[in-house]
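Worksheet for the structure shown next.
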Number of protein chains: 2
Amino acid sequence: MSAYHPLNEEEAIRIARSIEGFFPQEAELRSREIGDGNLNLVFHIADSVGGKSLIMKQALPYAKVVGESWPLTLDRARIESEKLILEAKLAPGLVPTVYKYDAELALTVMEDLSDHVIMRQGLINGTRYPKFADDISTFMARTLFYTSDLGMNQQDKKNQVKSFINPDLCKITEDLIFDDPYTVSSNNSFDPAIADAADALTKDSALHLEVAILREKFLTNAQALLHGDLHTGSIFVTPESTKVIDPEFAYYGPIGFDIGAVIANLLLDYAGQEHWMSDEAMREDFRQYLITSIIEIWNQFESKFRTLWNEQGVDRLANSAAGYQDYYMKRLLQDAVGFAGCKMVRRVVGLAHVADIDRIPDDATREKAQRLALAIGTSLIRGNRQTQTIEQAIDTALTAAGK
Amino acid sequence: MSAYHPLNEEEAIRIARSIEGFFPQEAELRSREIGDGNLNLVFHIADSVGGKSLIMKQALPYAKVVGESWPLTLDRARIESEKLILEAKLAPGLVPTVYKYDAELALTVMEDLSDHVIMRQGLINGTRYPKFADDISTFMARTLFYTSDLGMNQQDKKNQVKSFINPDLCKITEDLIFDDPYTVSSNNSFDPAIADAADALTKDSALHLEVAILREKFLTNAQALLHGDLHTGSIFVTPESTKVIDPEFAYYGPIGFDIGAVIANLLLDYAGQEHWMSDEAMREDFRQYLITSIIEIWNQFESKFRTLWNEQGVDRLANSAAGYQDYYMKRLLQDAVGFAGCKMVRRVVGLAHVADIDRIPDDATREKAQRLALAIGTSLIRGNRQTQTIEQAIDTALTAAGK
């Protein structure tokens, strides 16, 4: 069972049983394939006697998105596994534990988080997560600081850049986030009702300049080892716990890209609440909770990142140059705001959408949510380089969107 | 003769003879070791009958600078050889031809350029190079454009980044250019007469902020495959020909770093002419030639880079976003100005100096040249982010230096 092939459930069980010290000898293992089959096989393997369980994730050599099939390197399984193991060291408790990685099978065996829910669904359900801002800001501050030139040996960092070169997965982001939404592309997908707004995106030259600048940062700015796909579908939560999963898009890029992903997805849910929270007062209250979360996430991120820098910074000049930390943090905020905008826009007119908005059954309400998301997103992009504070950026974007 | 060991002249001749089709059978080969012995062995091997000759450069596993010995990876020979071969494709005629690369021996066999002189020495001698601005701007525009995300497949570029990760050599630059000159460091070396100026550099917080920002770009900004050490000691010239050598510092970094290196070294010679050109009218005339060269180099570089972008650009959004090219080119200029300043400062107070200034025999004249170079360099650093045109940047720096 060595050379690569997609596993069947029997094989998956055999591998699970071979993991030393996990399942007891008498375990009765059952497997359930729970992946969506687009990029990976995901087996949930549980002992029906003892109750213990684990997850086995196997990369498939292609991506199936909207019926199309793209070849996709299996090396992303190595990247995901190595990134998860590194995250566990840098941000303990905030990612699933990896039990085993099999390079040949492109297989990662890890902690089962079935007691958590995918945050996107949790937010759609109107659940609040009081620990989330603290947890995700810790996750980002620590994983980003300690993989940057500020927080690790700068020669080791270069070798880490090398081992996380990730062309296939970066290409997906470059196309779907930083190109297609701003041109006529067969990858785009949007409701006919907002065709005018989608068309306007292809003609907005002020927007194109900002997106080109942000795209360049994504292509060239090796600041830190990113998660690379930090949306609310990559986060498992309970009110007491946060676990970040699926770092297969990991690569060295601009720090603001991860932060922007979190902000964007809270704002996409904000837009989608047009439908999910039918009572208007409750809706506006939940939206206020989302906005407060965004502000807390940035502020806590900033404070934790600065503390790490002041206490653990390895770069003599970066540590001592007066004003440099302020300059650096402001650019991170500006980048985060710009990337957040790009990530919102693409979820409305690009290839891959979000359930917060797409699953709204009523056409008119869905259209309203889509236009709201686009208005917020484009406003964030437009204003990113002028951003001074997170409060001002969000306030400006909401005002521009008529909120 | 396979495993790595430093070659003796007999072995060098044997290898030279083995290069197919180069020397005739009856050749009488003589070898001369002409390296400075700091980083590499360099053998000049010539046929005393037919007159043909070649150069063999073998990397040593250490760097000897000012008596100290640092271990240094032999992988730099691979990097140098691969970069030379790539440059020959992208900028034909502007680099020595590589005849052979032996990975195990860390050995590159290449074209003999003994009919050229090292440009630094040529400038010290007061020679003008009428083709230089055209050649070096072509070299930079083509090698930088075609290795950037603007001019090559963006997924191939990521694999190229990977194969040119160069931690050891980058570390030298990070320490000697972007750190030591701004602090009290045992690596620094300067004449006691300018101790006050060297001390001032360690206390100038406005300067430290700018250097920290430039240092960050060197550490994180993978714009294009740089030469990485493009000073006038890495350039062979005649009035009709330009050949760029020694790209062992090659890595993916900010484009402005290569351009800044050229500008800095012309300005260092400008300062050194205080001594070399004793007639004042001739001196100011030669200095005007150097300034004109710098302005031409930037202007021609910009024009050639823009033409390549317009005609060969591969990035849809970068090609179409209005204003993006102007924005990009202005940042290149600003970076070039900032890096030029850093490269001047370090050549006066840092570990490695330049003959243009260091070899001035008279103490008072040398001090005058050193202070002039420092004044120009610090002014370029201070003003880099405000730079609008090359003329204005040079003019401001010369005025600040009392010229």
Side-chain angles (χ1 to χ4, degrees), chain A residues 148-150 153-168 170-171 174-175 178-180 182-183 185 202 205-224 251-255 315-328 331, chain B residues 148-150 153-168 170-171 174-175 178-180 182-183 185 202 205-224 251-255 315-328 331:
Chain A
S148 78
D149 286 296
L150 299 167
N153 176 288
Q154 298 176 337
Q155 274 42 59
D156 294 343
K157 180 224 168 189
K158 291 171 180 70
N159 287 318
Q160 196 151 282
V161 169
K162 187 173 175 176
S163 100
F164 284 96
I165 293 283
N166 198 353
D168 276 24
C170 284
K171 169 81 172 152
E174 290 156 22
D175 287 352
F178 295 112
D179 191 353
D180 295 329
Y182 306 96
T183 188
S185 163
T202 70
S205 62
L207 204 65
H208 293 181
L209 174 59
E210 297 305 324
V211 177
I213 295 169
L214 290 160
R215 176 178 167 88
E216 183 196 328
K217 289 182 188 182
F218 187 84
L219 286 165
T220 63
N221 195 4
Q223 257 180 342
Y251 88 111
Y252 263 84
I255 289 176
D315 187 300
R316 189 202 65 77
L317 187 61
N319 292 349
S320 67
Y324 178 60
Q325 191 180 96
D326 293 343
Y327 173 85
Y328 191 100
R331 274 178 310 143
Chain B
S148 78
D149 286 296
L150 298 168
N153 176 288
Q154 299 177 338
Q155 274 43 60
D156 294 342
K157 179 224 170 190
K158 291 170 179 70
N159 287 319
Q160 196 152 282
V161 169
K162 189 173 176 174
S163 100
F164 285 96
I165 293 282
N166 197 354
D168 276 24
C170 284
K171 169 81 172 149
E174 290 156 22
D175 288 351
F178 295 112
D179 190 352
D180 294 329
Y182 307 96
T183 188
S185 163
T202 70
S205 62
L207 203 66
H208 294 182
L209 173 60
E210 297 304 325
V211 177
I213 294 169
L214 290 160
R215 177 178 165 87
E216 183 196 329
K217 290 183 189 183
F218 187 85
L219 286 164
T220 63
N221 195 5
Q223 258 180 343
Y251 89 111
Y252 262 85
I255 288 176
D315 187 301
R316 190 203 64 79
L317 187 61
N319 292 349
S320 67
Y324 178 61
Q325 191 180 96
D326 293 343
Y327 172 84
Y328 191 100
R331 275 177 310 142

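Order of the sequence lines sets the chain letters (A, B, ...), proteins ahead of strands, with each chain counted from 1.
- Residues B/E216 and A/Y328 have side chains that never bring a donor and an acceptor to within less than 3.5 angstrom of each other.
- The greatest number of non-hydrogen atom pairs below 4.5 Å with chain A, out of B/S163, B/A222, B/A318, is found for B/A222.
- Considering only heavy-atom pairs separated by less than 4.5 Å from chain B, the leading option among A/L150, A/T220, A/D156 is A/T220.
- Heavy atoms of A/Q223 lying under 4.5 Å from chain B belong to its backbone as well as its side chain.
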Quiz item: Going through the checks in order, is the side chain to side chain contact (heavy atoms under 4.5 Å, CB included) test met by B/Y182 and A/R316?
Solution: CA-CA 10 Å; B/Y182 307 96; A/R316 189 202 65 77; 4.2 Å; yes
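- The shortest distance between side-chain heavy atoms of B/K158 and A/N166 does not fall below 4.5 Å.
- At a 4.5 Å heavy-atom cutoff, the contact between A/N221 and chain B is made by backbone and side-chain atoms alike.
- With a 4.5 angstrom heavy-atom cutoff, A/Y252 does not touch chain B via any of its atoms.
- In this structure, A/D315 CG and B/D179 CG are separated by 7.0 Å, a value rounded to the nearest 0.5 Å.
- With a 4.5 Å cut-off on non-hydrogen atoms, B/I165 touches chain A through its side chain but not through its backbone.
- You'll find the side chain of B/K162 stays beyond 4.5 Å of the side chain of A/V161, heavy atoms only.
- The minimum heavy-atom distance between A/N159 and B/P167, with the atom names listed, is OD1-CG, 3.9 Å.
- Residue contact with chain B, scored on non-hydrogen atoms closer than 4.5 Å, involves the side chain of A/E174 exclusively.
- Contact of B/Y327 with chain A is made through the side chain alone, with heavy-atom distances under 4.5 Å.
- Options A/K217, A/K171, A/E210 differ in how many heavy-atom pairs under 4.5 Å they form with chain B, and the most are formed by A/K171.
- A/K157 touches chain B through its side chain: at least one heavy atom from C-beta onward sits under 4.5 Å away, while N, CA, C and O do not.
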